[in-house]
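Along the sequence shown, the residues carry numbers beginning at 1.
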Amino acid sequence: MTEFSSFGAGTNSPATFHAILELLRRECKLSPETEITIEGNPTVTVNKQAKGQSIETGKLRGFKEIGINRVSLGIQALNNSDLKAMGRDHSFEDGLRSLEAINLLFDNTTFDMIFGRPNQRLLSWENELKLALPFAKNHMSIYQLMIEPGTPLYKLQKKGLLPLPSQETMEDMYYTTIDIMAKHGFDHYEVSSFGRNEVVGSHNLSYWRGVDYIGIGPGAHGRAVLPAAGYRKCRTYRTLSPEHWLQSCEEVGHGLRKYEEMTLAECAKELVVLGLRTKLGVSLSQARALYSPLDDLLDFKVLASYAENGFITGSLSGTSHIAPTEKGLAVIDSILSDILKF
């Protein structure tokens, strides 16, 4: 069984996480190989200076001492005007200092970058990526900018005031990213993830393989088999507000807001959708074990056409395993839309 834990750093102290980890070790019997990640922004690692050492870097040492063995930072950009536009609290100088700090303390590190930002040009993205790469150990996540409803960027877009790069420029950025990462030894193993020296993030890989996971804190989502649902797999949703979540935990013993039972067809569909986002692919026999006949879920004629044209590898018969090629990974959303019947 894959074991991992992931924490949002926020303003919490190592002592808080230590108490949680001790409970997990006692109740879940975590193995020494368990990946334990702390996720945060550069302000978690670089902040006020005291006696020549960052106070927050001291906190990082505390995280390591309690057993945190992986750090993920939301760098996102190495351009101060873009960071400000995205509502980030750190500067690109903070980002680089943060990467230096985590790389000194931890062997397993990763960070996020985003391309396709307003007014961004291909050459500036290339230069930004090349500036970031010396700080990458064996993993990076690189996303295309998504405009989320309710954000300042969304409001500007609705007013027609957000000059995003053209679709052609976006595609050039995507393929340039893959080329640059490959030249530095990184395998593009998932739509937005790159690993070197066979390193992949156990945290995300478990999601893509359909492994159960439990979300605990405010607003956390999960996928798990629940006794209350007759030991069927469910989507779980925790109370969003920290105050209300804490109140619920104190009054009823948990912060679960609701859960939704998943049908076997939904489980199989999710397995296919998430599995085909990675070059590791998905086992059709595993999907059939969840839901049969699989023909009711997947259009195998369309899938065969994608395979014939080099977008998908693997046989479509028997207990086959299929996976997207690099060409297929670039258009995987379109492929999924075409092959899924519902």
Side-chain angles (χ1 to χ4, degrees), residues 1-7 30-40 60 63-64 67-75 98-115 129-144 174-213 271-287 310-315 319-330 332:
M1 179 180 69
T2 302
E3 293 179 349
F4 67 91
S5 297
S6 180
F7 298 100
L30 300 184
S31 74
E33 290 75 34
T34 298
E35 180 183 279
I36 306 175
T37 303
I38 188 167
E39 300 180 346
L60 263 187
F63 287 137
K64 184 176 182 180
I68 302 291
N69 53 29
R70 182 175 181 265
V71 178
S72 175
L73 286 183
I75 298 297
S98 296
L99 291 172
E100 287 179 338
I102 65 171
N103 284 339
L104 283 172
L105 289 170
F106 295 87
D107 294 326
N108 195 354
T109 66
T110 186
F111 59 96
D112 299 349
M113 294 287 289
I114 295 176
F115 70 87
L129 189 55
K130 290 175 182 176
L131 179 61
L133 271 164
F135 297 91
K137 284 194 171 180
N138 290 313
H139 197 277
M140 278 182 67
S141 293
I142 301 175
Y143 304 92
Q144 181 176 317
Y174 175 82
Y175 287 110
T176 296
T177 298
I178 294 169
D179 182 57
I180 291 174
M181 297 301 287
K183 287 177 180 176
H184 286 78
F186 284 88
D187 176 44
H188 185 208
Y189 73 92
E190 188 267 342
V191 172
S192 304
S193 302
F194 297 81
R196 184 164 55 187
N197 298 324
E198 300 184 351
V199 171
V200 297
S202 296
H203 178 171
N204 292 329
L205 193 60
S206 297
Y207 302 151
W208 301 323
R209 286 178 168 171
V211 174
D212 283 7
Y213 61 96
L271 185 70
V272 171
V273 169
L274 297 179
L276 285 181
R277 286 181 56 87
T278 77
K279 284 186 179 176
L280 300 172
V282 63
S283 166
L284 292 182
S285 61
Q286 185 180 356
F311 292 90
I312 298 287
T313 62
S315 168
T319 58
S320 59
H321 188 100
I322 60 172
T325 61
E326 186 65 68
K327 184 168 72 167
L329 207 57
I332 196 60

Colleague: Quick one: closest heavy-atom pair of A101 and L60, and the distance?
Modeller: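 Here A101 and L60 meet closest at CB-CD1, 4.4 Å.
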Colleague: Just to verify, which of I102, T110, I38 counts as forming a side-chain contact (heavy atoms from CB on, under 4.5 Å) with L73?
Modeller: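 Considering I102, T110, I38, a side-chain contact (heavy atoms from CB on, under 4.5 Å) with L73 is found only for I102.
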Colleague: Given the ring of F311, does K327 sit roughly above its face, with NZ or CZ under 6.0 Å from the centre of the six-membered ring and within 45° of the axis?
Modeller: yes
Colleague: What distance separates I142 CD1 from D112 CG, expressed to the nearest 0.5 Å?
Modeller: 9.5 Å
Colleague: M181 vs H188, test: side chain to side chain contact (heavy atoms under 4.5 Å, CB included). Steps then yes/no.
Modeller: CA-CA 8 Å; M181 297 301 287; H188 185 208; over 6 Å; no
Colleague: What is the minimum heavy-atom distance between A330 and Y174, and which atoms define it?
Modeller: CA-OH, 3.3 Å
Colleague: Kindly indicate whether the side chain of L280, heavy atoms from C-beta on, has any atom under 4.5 Å from the side chain of V200.
Modeller: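 Side chain of L280 against side chain of V200, heavy atoms only: no contact under 4.5 Å found.
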Colleague: Kindly give the heavy-atom pair with the smallest separation between Y207 and L274, and that separation in Å.
Modeller: O-CD1, 3.3 Å
Colleague: Show the nearest heavy-atom pair for residues F186 and A136, with the distance to one decimal.
Modeller: CZ-CB, 3.9 Å
Colleague: Can you tell me how far apart CD1 (I75) and OG (S141) are? Round to the nearest 0.5 Å.
Modeller: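 So the CD1 of I75 and the OG of S141 are separated by 12.0 Å.
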Colleague: When rounded to the nearest 0.5 angstrom, what distance separates CG in L105 from CD in E100?
Modeller: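 Those atoms lie 12.0 Å apart.
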Colleague: Using side-chain heavy atoms (C-beta onward) and a distance below 4.5 Å, is T278 in contact with R209?
Modeller: no
Colleague: Check F106 against N69 and note the closest heavy-atom contact, atom names and distance.
Modeller: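 Closest pair (atom of F106, atom of N69, distance): CD2-C, 4.1 Å.
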Colleague: For residues Y143 and M113, determine if any side-chain heavy atom of one lies less than 4.5 Å from a side-chain heavy atom of the other.
Modeller: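 The answer is no, as the side chains (C-beta and beyond) never meet within the 4.5 Å cut-off.
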Colleague: I'd like to know if the side chain of R196 reaches the main chain of H184, judged simply by a donor and an acceptor atom lying under 3.5 Å from each other, with no hydrogens or angles considered.
Modeller: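 At least one qualifying donor-acceptor pair exists.
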Colleague: Look up atom CZ in R277 and atom CG in L329, then write down how far apart they are to the nearest 0.5 Å.
Modeller: 8.0 Å
Colleague: Using only atom types and a distance under 3.5 Å, with no angle test, would you say the side chain of S206 pairs donor to acceptor with the backbone of V211?
Modeller: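 Checked: no pair found.
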Colleague: Output the distance between atom CZ (R70) and atom CD1 (I68), rounded to the nearest 0.5 Å.
Modeller: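 Between atom CZ of R70 and atom CD1 of I68 there are 11.5 Å.
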Colleague: Under 3.5 Å, side chain of N103 to main-chain N/O of K137, donor-acceptor pair present?
Modeller: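 Judged by distance alone, no pair lies under 3.5 Å.
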Colleague: Atom CG in N138, atom CG in D107: separation rounded to 0.5 Å?
Modeller: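 One gets 9.5 Å once the value is rounded to the nearest 0.5 Å.
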Colleague: Grab the two heavy atoms, one from P324 and one from I332, that are nearest each other, plus how far apart they are.
Modeller: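 Nearest pair, atom of P324 first, then I332: CB-CD1, 4.3 Å.
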Colleague: Between Y189, F111, F194, which is the residue that forms a ring-ring contact (aromatic ring centres under 6.0 Å, His included) with H139?
Modeller: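 Going through the options one by one, the only one that passes is Y189.
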Colleague: Would Q286 and H321 count as a side chain to side chain contact (heavy atoms under 4.5 Å, CB included) if you check the C-alpha gap in whole Å, the side-chain angles of each, and the deciding distance to 0.1 Å?
Modeller: CA-CA 9 Å; Q286 185 180 356; H321 188 100; over 6 Å; no
Colleague: Using distance alone, with no hydrogens and no angle criterion, decide if S193 and E190 have a side-chain donor and acceptor under 3.5 Å apart.
Modeller: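 Present: a donor and an acceptor within the cut-off.
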Colleague: Quick one, E35 with L205, criterion side chain to side chain contact (heavy atoms under 4.5 Å, CB included). Give me CA distance, side-chain angles, the key distance, then yes/no.
Modeller: CA-CA 12 Å; E35 180 183 279; L205 193 60; over 6 Å; no
